[in-house]
Amino acid sequence: MQREYHRWHSPRMGRMMELLVFGHAGAKVLVFPTRDGRFDEYEKLRIVQQLAPKINAGQLQLFCVDSVDHDALYCFWKHPAERIRRHMQFEDYILHEVLPFMQHKNQHPCTIAHGCSLGAFHAANIAFRHPHLFQKLSAFSGRYDLTMQTESFSDLFNGYYDDNIYFHTPTHFLPNLHCEGRLQHLRQMDIVLVIGKEDPFLGNNHYLSQILHGKGIRHQLHEWHERAHRGYYWRRMAPLYV
C-alpha cells in the first residue's frame with residue numbers, strides 16, 4: 001500500500017501540521033481523528049488495514065489529518081469564545097490547505113468526509129456547512145451538538161453560547177437552513193450515520209435524522225448492538241460504510 005507522510009507550516013494554524021495519505025487513487029476520504037487521536041490514529045486502530053482491499057484496488061485514497069481539539073474545543077483553560085474561534089481556524093486550514101492539497105494529488109470527483117466519535121462531529125460539521133465540497137459523509141458514533149450533556153459528556157462550552165457555536169452545531173443550524181442551493185447539495189450527498197444502540201449519543205443521532213428527514217435530505221442511520229463506540233466496532237463499520 002502506498003503511504004505518504006506530509007507536514008507543512010500552516011499560516012492559519014500558526015504551527016506545523018501533519019497528515020498521512022494512504023493509497024494512490026479513488027475517492028478521496030478526509031479522515032478526522034477522535035478527540036485524543038492524531039493523524040496516525042486511523043492507522044494505529046488498524047482501520048486502514050481493514051480498508052486495504054479498497055485502497056489497494058484504487059477505490060479509496062485516505063487523507064488522515066491531525067487534531068487540534070486539545071488546543072480548541074477541549075482547551076478548557078481558554079474562554080469558550082476563544083475555543084470555538086480556534087476550531088474555526090482549523091476549519092479554514094482544512095478548507096484552504098488540506099482540500100486543495102487533496103485535489104492537487106487526486107482529481108477524483110468524489111470527496112468523502114469521515115470520522116469516528118469527535119471526528120464524526122468534525123466530518124459532519126464541515127460537510128453540512130460546505131455541502132458543495134463533499135459527495136459523501138460517513139460518520140460513526142458522533143455527537144452533533146457539543147452543548148448537550150449526557151452521561152459523562154458535558155457541554156463543552158460551559159453554558160456559553162454565541163453565533164459561532166450556533167453555526168458549528170449541526171442540530172442547531174440545520175433546522176433553519178433554507179438556502180435551496182445548499183439544500184440541493186445536501187440532498188445529493190450520500191449521508192451515512194452509524195451509532196450504537198447503547199451509545200449516549202443515540203438520541204442526538206435520532207434528532208439529526210429527524211431534521212434531515214424534515215428537509216427532504218435522504219440518509220442512512222444504522223444502529224449497531226451495544227455501545228459500539230471504540231476501535232473494535234469502527235474496524236467493522238469502515239468496510240461497510242466508507
Side-chain angles (χ1 to χ4, degrees), residues 1-8 17-34 37-67 94-95 97-128 130-142 185-196 217-225 228-242:
M1 182 189 301
Q2 183 171 310
R3 179 187 187 274
E4 300 176 7
Y5 168 77
H6 295 270
R7 69 193 296 262
W8 65 80
M17 297 294 292
E18 301 169 277
L19 61 81
L20 283 172
V21 182
F22 297 94
H24 60 281
K28 303 183 290 286
V29 188
L30 174 63
V31 182
F32 293 94
T34 67
R38 294 202 59 203
F39 65 96
D40 58 353
E41 180 189 50
Y42 216 64
E43 183 178 39
K44 288 181 175 178
L45 287 174
R46 305 195 307 279
I47 303 176
V48 174
Q49 179 181 328
Q50 294 300 310
L51 290 174
K54 291 184 178 182
I55 295 171
N56 290 331
Q59 298 174 10
L60 296 176
Q61 186 176 36
L62 310 184
F63 294 79
C64 301
V65 298
D66 211 349
S67 168
I94 297 295
L95 292 174
E97 298 180 46
V98 175
L99 288 180
F101 170 79
M102 292 168 62
Q103 182 63 22
H104 175 73
K105 288 190 67 68
N106 180 349
Q107 286 76 52
H108 195 283
C110 179
T111 301
I112 302 169
H114 171 53
C116 307
S117 194
L118 190 64
F121 162 79
H122 285 297
N125 188 56
I126 199 167
F128 290 145
H130 307 279
H132 63 292
L133 298 176
F134 298 92
Q135 287 67 50
K136 182 174 179 178
L137 165 65
S138 184
F140 304 162
S141 309
H185 283 294
L186 285 168
R187 289 167 185 149
Q188 294 170 352
M189 190 184 299
D190 181 6
I191 299 173
V192 184
L193 309 174
V194 191
I195 190 76
I217 300 169
R218 292 178 299 174
H219 62 284
Q220 303 172 49
L221 175 60
H222 298 280
E223 294 184 19
W224 279 46
H225 292 297
H229 198 125
R230 56 190 175 93
Y232 172 84
Y233 293 97
W234 299 332
R235 283 192 291 275
R236 286 150 181 79
M237 294 174 186
L240 298 175
Y241 305 122
V242 177

Between [X] and [Y], which heavy-atom pair has the shortest distance, and what is it?
| X | Y | answer |
| --- | --- | --- |
| A127 | L186 | O-CD2, 4.3 Å |
| I55 | H24 | O-CE1, 3.8 Å |
| Y233 | H225 | CE2-O, 4.3 Å |
| A139 | A120 | CB-CB, 3.8 Å |
| Q107 | K28 | C-NZ, 4.1 Å |
| R38 | P33 | O-CB, 3.5 Å |

[X] [atom1] to [Y] [atom2] distance, which is reported to the nearest 0.5 Å:
| X | Y | atom1 | atom2 | result |
| --- | --- | --- | --- | --- |
| H108 | Q135 | NE2 | CD | 9.5 Å |
| S138 | L193 | OG | CG | 8.5 Å |
| H132 | H185 | NE2 | NE2 | 7.0 Å |
| N125 | L137 | CG | CG | 10.5 Å |
| I195 | L221 | CD1 | CG | 8.0 Å |
| F140 | H222 | CZ | NE2 | 9.5 Å |

*Residues, nucleotides or ligands: over 12 heavy atoms within 6.0 Å of Y232 OH*: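 12 or below, so no.
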- Neighbour count >12 (heavy atoms, 6.0 Å) for atom CZ, R218: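 Not more than 12 within 6.0 Å, no.
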Main chain of [Y], side chain of [X]: is a donor-acceptor contact present, judged purely on distance under 3.5 Å?
| X | Y | answer |
| --- | --- | --- |
| H219 | I217 | yes |
| Q61 | G23 | yes |
| S141 | A228 | yes |
| R235 | L45 | yes |
| K54 | V242 | yes |

**Item:** Criterion side chain to side chain contact (heavy atoms under 4.5 Å, CB included) on M17 and E97, from CA distance to verdict
**Value:** CA-CA 10 Å; M17 297 294 292; E97 298 180 46; over 6 Å; no
Side chains of [X] and [Y]: closer than 4.5 Å at any heavy-atom pair?
| X | Y | result |
| --- | --- | --- |
| V98 | M102 | yes |
| V65 | F39 | no |
| N106 | V21 | no |

- [ ] Using the side-chain contact (heavy atoms from CB on, under 4.5 Å) rule, pick out the option among L133, L99, L19, L62 that qualifies with L30.
- [x]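 It is L99, the one option of L133, L99, L19, L62 that forms the side-chain contact (heavy atoms from CB on, under 4.5 Å) with L30.
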(request) Assess whether side chain to side chain contact (heavy atoms under 4.5 Å, CB included) is satisfied between F32 and I94, documenting all intermediate values. (result) CA-CA 10 Å; F32 293 94; I94 297 295; 4.1 Å; yes
(Q) Enumerate the side-chain hydrogen bond (donor to acceptor under 3.5 Å, both in side chains) contacts for residues 109-119, please, sequence neighbours excluded, ordered by first and then second residue. (A)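 Only Y42-H114, S117-H229 qualify under side-chain hydrogen bond (donor to acceptor under 3.5 Å, both in side chains).
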Go through the steps to decide whether E41 and I47 satisfy the test side chain to side chain contact (heavy atoms under 4.5 Å, CB included), and finish with yes or no. CA-CA 9 Å; E41 180 189 50; I47 303 176; over 6 Å; no
Practice prompt. Evaluate the side chain to side chain contact (heavy atoms under 4.5 Å, CB included) criterion for residues L95 and I126: first the C-alpha distance (whole Å), next the side-chain angles of each, then the deciding distance (0.1 Å), finally the verdict.
Written response: CA-CA 9 Å; L95 292 174; I126 199 167; 3.9 Å; yes
